[in-house]
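Here's the structure we're looking at; comments come further down.
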Amino acid sequence: MTAPDPNSLPTTYDAASTEAAWYPRWTEHGVFTADPARAATHEPFVIVIPPPNVTAVLHMGHGLNNTVQDVLIRWRRMAGDEALWVPGTDHAGIATQNVVEKQIAAEGHSRFDLGREAFVQRVAQFVDKTGGEILNQLKSIGASADWTRTAYTFSPELSRSVREAFVRLHEDGLVYKGHRVIHWCPRCGTSLSDEEAEFTDTTGKLYHLRYVLADDPSQSITVATTRPETMLGDVAVAVNPDDERYQAMIGKDVILPLNGVRIPIVGDTYTDPAFGSGAVKITPAHDANDFEVGKRHALATPVIIDAEGIVREVEGAAGRVPAELSGLDRFAARKAIVNLLEAAGALVKIENHQHSVRHCYRCDTVVEPRLSDQWFVRMQPLADKALAALRTGELRILPERWEAVYVNWLEGIRDWNISRQIWWGHRVPVWYCNASCGHAPIVSRTDVTSCPGCNGTVRQDEDVLDTWFSSWLWPFSTLGWPDKTPDLRAFYPGDVLVTAPEILFFWVARMVMSGCWFLDKAPFHTVYLHGTVRDMQHRKMSKSLGNGIDPLDVVRLYGADALRWTMVAGLGLGVDVMLDPTDLEKSFAPGRNFCTKLWNIGRFLLSRVGPEPVKPVASLDAASLTAADHWILERLDAAIADCDAALGPARPADLSRWTDAERYRGLRLSEYAEAARRFVWNELADWYLESVKPRLATEGDDREVARAVLAHAFDGALRLLQPVVPFITEELWQKLPQTPPNAFIAQAAWPVVRAQASGSAAVFEQAREAVQAIRQVRSENNVNPGAWVDAVVVGPAASREALTPVIETIGGLARARVTLAEQNPGGASAQVLLSGGIEVVVPLAGMIDLDKEKQRLQTELAQLEKQLGALEGRLANEGFVAKAPPAVVEAERAKAADWRTRAGQLRDKLQALGA
RNA sequence: GGGCGAAUAGCUCAGCUGGUUAGAGCACCUGUCUUACACACAGGGGGUCGGGGGUUCGAAUCCCUCUUCGCCCACCA
């Protein structure tokens, strides 16, 4: 009976209390706070968070995204970099405005009832009160962001950056106001960029409409359209000038049904003769392509659908909308018009038609093309720089295949509509003179109060800027740009951007463009695009499907480390993470189990090592180390090397561009986690810890060596694991005798390889083989697991000598009393061949099933002979011997010789068994 | 319509520039409550590398083709 050890750990790991204890201590001690002054002597490593919407609630996607960032930032922090992870939120213009508008609607009002100022105030209050909660939720999963630098895209500081960017682009001639057809969401009441108008594949209808010629009612032309309601705004019918069917009609007029408007037939190569009827109705105000055609033919632009999607005579459309149709919603109008057309005999046919329809990315409403004045950014010059950054190797994207997608998008870049007709956001910094004095619009960094021309009053542009116009500045606006702050100097450009591929265009490519344009450097050298969190049917987790998992539930049930482990262990490069929302146990047990195992390893190891000081491993005399000691230290070195190779390189070797050799390496998080897991579990716990037990029970120098090696190996394991499972590793690390006081593993040094190889580690490897061989024999012969057996290791004298101490130590692992011999004692025994000509003989008189043993050997021999046959065939092949590299041939010959020996030994054994 | 990617063990995936007896984790089967851990330990089964053709002494790996999935882009009236 042992007295309770005051240092002993609780028998089970309590994630909740550990997490609650360590996180505040880390922040209180500034563990996550970066110092620009220190960046002079330490390589900075910077990640900016993809800012979640300020009103967002943490979901698994955030969990995955932020775990990845945290693993990288914790890794680099330990590696000695001045690591900075900038956190913050996005004001999310349309999304946030929608939330508050819904609240107001519940009160029976619209934003227009409140007025602009009051509404904006109301949203600001809402954000103040409930916003940013997601950042606290990130803390509960262990995110080690520098909270002293928490940023917000709509803060006064970042708003200044936004104005600076707008004005500077205007000065550069890249911001302009354009009059054209843009994507319009009638529900949100704003224009959208191309990226915000998402395609959805739809089975729609293709309506064929007959327009009668004005001067010859016996003739007509049929147009095909998916949107018959727009016919009220038609100004022409376009046919391909080379289309013989219609050539003769070009220049003639047709009469629009329903409103009787007379419009021309024009020739334009835009029309594809093979599509539909080969004739296209042209509605310049309600279709971007038609707008271009209209411009070419100097056609009018009557607007017959208003901002709410209501059909009426909006502008330049007098006499075009019959009274019975005016005031109808666009979809109601479609039905009504189709009916009227049919009644008028103008409807030729309706076909099913597969096409993609654009929807608002915020509310899923079908987007309406709308002619309006908007602010645009001319993107070509920006895109050229972003393309150059990738081509020169200043920037890389992982997985590699996304680079092609990035290039493809940038090469076909279109101008960016940055104005939105909502109220929540950065107001366009442009002012107009109220007294039409003729002064040009004033684009200004500071508020303008009077007209520089006539000193009269001015009014600011009503529009606000696209949310992404502030987030594309995030990598430097968060560091104080346009001021040349110490932060900006020290931490720009950053290093890695971690996000999902969905926002590659929205955000990532645009950040590269803005960084290259305003600061002449890409904002990071690596874009890491991780997969998506999906359910077991491979469906994206979403609120509407109800297949989501709340990360906070997982933290509560399994702990933050278990959550993180599950994410990282399953995270191949660019691979989706599959989780079962209906069975959290199945999804997160591996993470929880790993933490429990780690806890038990620590609990046992710490109880045996005890609190007394241990010697540093470097101070130990190599000769005093056992083969097992050398082995585990080498395994630690290998694990360190594997982790480094999986995660790194952290940055290009020459700091400015990737070489081809290093370009696609690193960021293999699952490989890193597996390497660390294998070391602590399969090597340290399964073998070293087991083999070292007897030594720990002794007194004296050997025990001290074992304690030192054990403490050192576990220390290394904890350090390697800290980035993935920061809480449990911190808790355990604090208990190691060699841990300095007032230190945190979160800022301890990342382990480095000792580079002290010793041949004796190989001896331990052979001993492991022997143990496994004996265990296999026992298991296959159904030997009572508790029973001890005898085993004889047969081999050359030299090996036997080296093996002796090892076998004494690990005999217990196989429950075998091991002796060494030069000759195979023969007899009724199980016999296993090891590498190096060593045999293990288990003479289990009475315990062994001879038939079974014969069977096993025969199977092994048959397998070996089959492979040997193939190998010998290859060696007999003249082509192989003549053409294959000599080294390969040599290796194959050696292998054949080895196999022949082995086959011979197997035959001998079978003969000895009387087969 | 264009482009890209994937197809390897029941599941999720590694296998880099062609030369292994094709791997890992999980799942599965058998045994064990062995004094840290049954959330564990020990042992084990399982793949003609999507089909077909080609190049080569040699192909999971390179080429062609077919099939099936996925992603991105597009001026799909």
Side-chain angles (χ1 to χ4, degrees), chain A residues 2 9 11-13 199 201 204 206-207 223-227 230 238 270-272 275-283 287-293 353-357 399 401-402 404-406 408-409 412 501 504-505 536 538 562 569-570 572-578 585-586 589-608 664-665 668 670-671 673-674 677-678 685-686 689-690 693 772 775-780 782 784-786 812-815 863-864 866-868 870-871 874 877-885 887-889 891-892 895 899:
Chain A
T2 49
L9 293 139
T11 48
T12 54
Y13 172 58
F199 281 110
D201 286 334
L206 191 61
Y207 302 85
V223 297
T225 179
T226 53
R227 308 190 53 218
T230 62
Y270 161 68
T271 306
D272 173 7
F275 188 92
S277 62
V280 191
K281 58 192 270 319
I282 300 298
T283 323
D287 184 285
N289 299 310
D290 291 8
F291 183 75
E292 295 304 316
V293 175
H353 180 59
Q354 285 292 335
H355 63 146
S356 287
V357 178
R401 70 190 123 95
W402 288 102
V405 176
Y406 170 93
N408 183 34
W409 183 76
L504 180 59
F505 307 141
M536 301 320 278
H538 296 197
L573 187 63
V575 169
D576 290 340
V577 174
M578 251 63 82
E585 175 68 17
K586 184 177 146 204
R592 189 260 330 264
N593 294 354
F594 175 69
C595 290
T596 305
K597 180 68 184 184
L598 188 60
W599 184 255
N600 277 308
I601 294 169
R603 199 157 63 89
F604 180 67
L605 184 147
L606 291 167
S607 77
R608 296 306 157 101
Y664 300 111
R665 297 197 178 282
R668 267 67 175 179
S670 59
E671 291 176 27
E674 171 56 20
R677 189 206 64 81
R678 185 171 49 234
D686 288 349
L689 205 48
E690 290 299 332
K693 278 176 179 175
Q772 285 174 320
R775 283 174 175 171
Q776 190 185 345
V777 167
R778 295 178 59 118
S779 176
E780 286 181 353
N782 300 320
N784 180 341
L813 298 182
R815 297 226 156 202
Q863 177 73 16
L864 186 60
K866 192 176 142 202
Q867 284 162 357
L868 186 56
L871 183 54
R874 200 177 314 155
N877 182 332
E878 279 175 41
F880 174 71
V881 179
K883 294 186 184 174
V888 172
V889 178
E892 296 290 81
K895 195 156 68 181
W899 286 359

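Quick note: numbers below take in every heavy atom, side chains included, and nothing from hydrogens, waters or symmetry partners. Every chain is numbered from 1, with letters handed out A, B, ... down the list of sequences. Quick caveat: nothing in here was measured; it's all calculated off a predicted structure.
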Answer with base, sugar-phosphate or nothing: what part of the nucleic acid does A/A279 contact at a heavy-atom distance below 4.0 Å?
base

Check every strand shown and say whether A/R678 touches a base, only sugar-phosphate, or nothing at a heavy-atom separation below 4.0 Å.
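No contact.
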
Listed nucleotide nearest any side-chain atom of [X], set [options]:
X      : options             : value
A/D686 : B/A36, B/C73, B/C41 : B/C41
A/D272 : B/C73, B/A77, B/C41 : B/A77
A/M578 : B/A77, B/G19, B/C13 : B/C13
A/Q867 : B/G44, B/U21, B/C76 : B/U21
A/T271 : B/C76, B/G44, B/A77 : B/A77
A/H355 : B/G43, B/C76, B/A36 : B/C76
A/Q772 : B/G43, B/C41, B/A77 : B/G43
A/F199 : B/C76, B/G31, B/C72 : B/C76
A/R775 : B/U21, B/A42, B/A74 : B/A42
A/H353 : B/G44, B/A77, B/U32 : B/A77

Look up atom NZ in A/K281 and atom CZ in A/R227, then write down how far apart they are to the nearest 0.5 Å.
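If we round to the nearest 0.5 Å, A/K281:NZ and A/R227:CZ are 8.0 Å apart.
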
Now, which nucleotide makes the Watson-Crick or G-U wobble pair with [N], with each of the two distances under 3.5 Å?
N     : result
B/U32 : B/A40
B/U56 : none
B/U48 : none
B/C26 : B/G10
B/C76 : none
B/G70 : B/C4

Between the base of [N] and the side chain of [X], is one N or O donor paired with an acceptor at under 3.5 angstrom?
X      : N     : value
A/T596 : B/C37 : no
A/R401 : B/C4  : no
A/E690 : B/A36 : yes
A/K597 : B/C39 : no

State, with a plain yes or no, whether a side-chain heavy atom of A/L689 is found less than 4.5 Å away from one of A/I601.
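Of all side-chain heavy-atom pairs linking A/I601 with A/L689, at least one is under 4.5 Å.
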
Less than 4.5 Å apart, side chain to side chain, heavy atoms only: is that true for A/T12 and A/W599?
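Not in contact.
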
